[in-house]
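The structure under discussion appears below in the form of structure tokens.
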Amino acid sequence: MSANFLKVSCRDCSNESIIFSRATTAIACAVCGATLTNPAGGKAQLVGCNVVESLE
Ligand SMILES: [Zn+2]
């Protein structure tokens, strides 16, 4: 089981955010407020963003 951080890009405004891959709360874009992830089964489900890269 790996836990890491992901750099993601908001689909609405392209703002890049760093999120925890196992975030247990919904995360919203800091710029436009769009929901980026929802918690699902102990890991973050990406709903409004694209992964740019995985960080250790
Ligand atoms: Zn955004």
Side-chain angles (χ1 to χ4, degrees):
M1 225 186 318
S2 67
N4 61 342
F5 289 88
L6 302 172
K7 181 189 284 187
V8 298
S9 174
C10 176
R11 285 181 193 157
D12 287 344
C13 72
S14 297
N15 177 59
E16 292 189 350
S17 305
I18 306 295
I19 65 165
F20 185 48
S21 67
R22 296 176 63 79
T24 54
T25 59
I27 297 173
C29 174
V31 173
C32 72
T35 300
L36 300 180
T37 75
N38 283 320
K43 61 177 292 215
Q45 178 184 30
L46 305 184
V47 293
C49 58
N50 298 312
V51 175
V52 177
E53 65 177 308
S54 293
L55 309 171
E56 290 302 321

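Numbering of residues begins at 1 and proceeds along the displayed sequence. One-based numbering, in listed order, for ligands and for the atoms of each.
Alongside Val52, the hydrophobic cluster contains no other residue (criterion: ILVMFWY side chains under 4.5 Å). Using a 4.5 Å cut-off between side-chain heavy atoms of Ile, Leu, Val, Met, Phe, Trp and Tyr, Phe5 falls into a hydrophobic cluster with Ile18, Phe20, Leu55.
Summarising the geometry of Gln45 relative to Ala40, their closest heavy-atom pair is CB-CB, 3.9 Å, with the distance given to 0.1 Å. Summarising the geometry of Ala26 relative to Pro39, their closest heavy-atom pair is N-CD, 3.7 Å, with the distance given to 0.1 Å.
Residues Ser21 and Asn4 bring a donor and an acceptor atom of their side chains to less than 3.5 Å of each other.
Nearby protein atoms of type N, O or S around the Zn ion (ligand 1) amount to 4 (distance under 2.8 Å).
Scanning for salt bridge (charged side-chain N to carboxylate O under 4.0 Å, His left out) contacts around Glu56 gives an empty result, with sequence neighbours left out.
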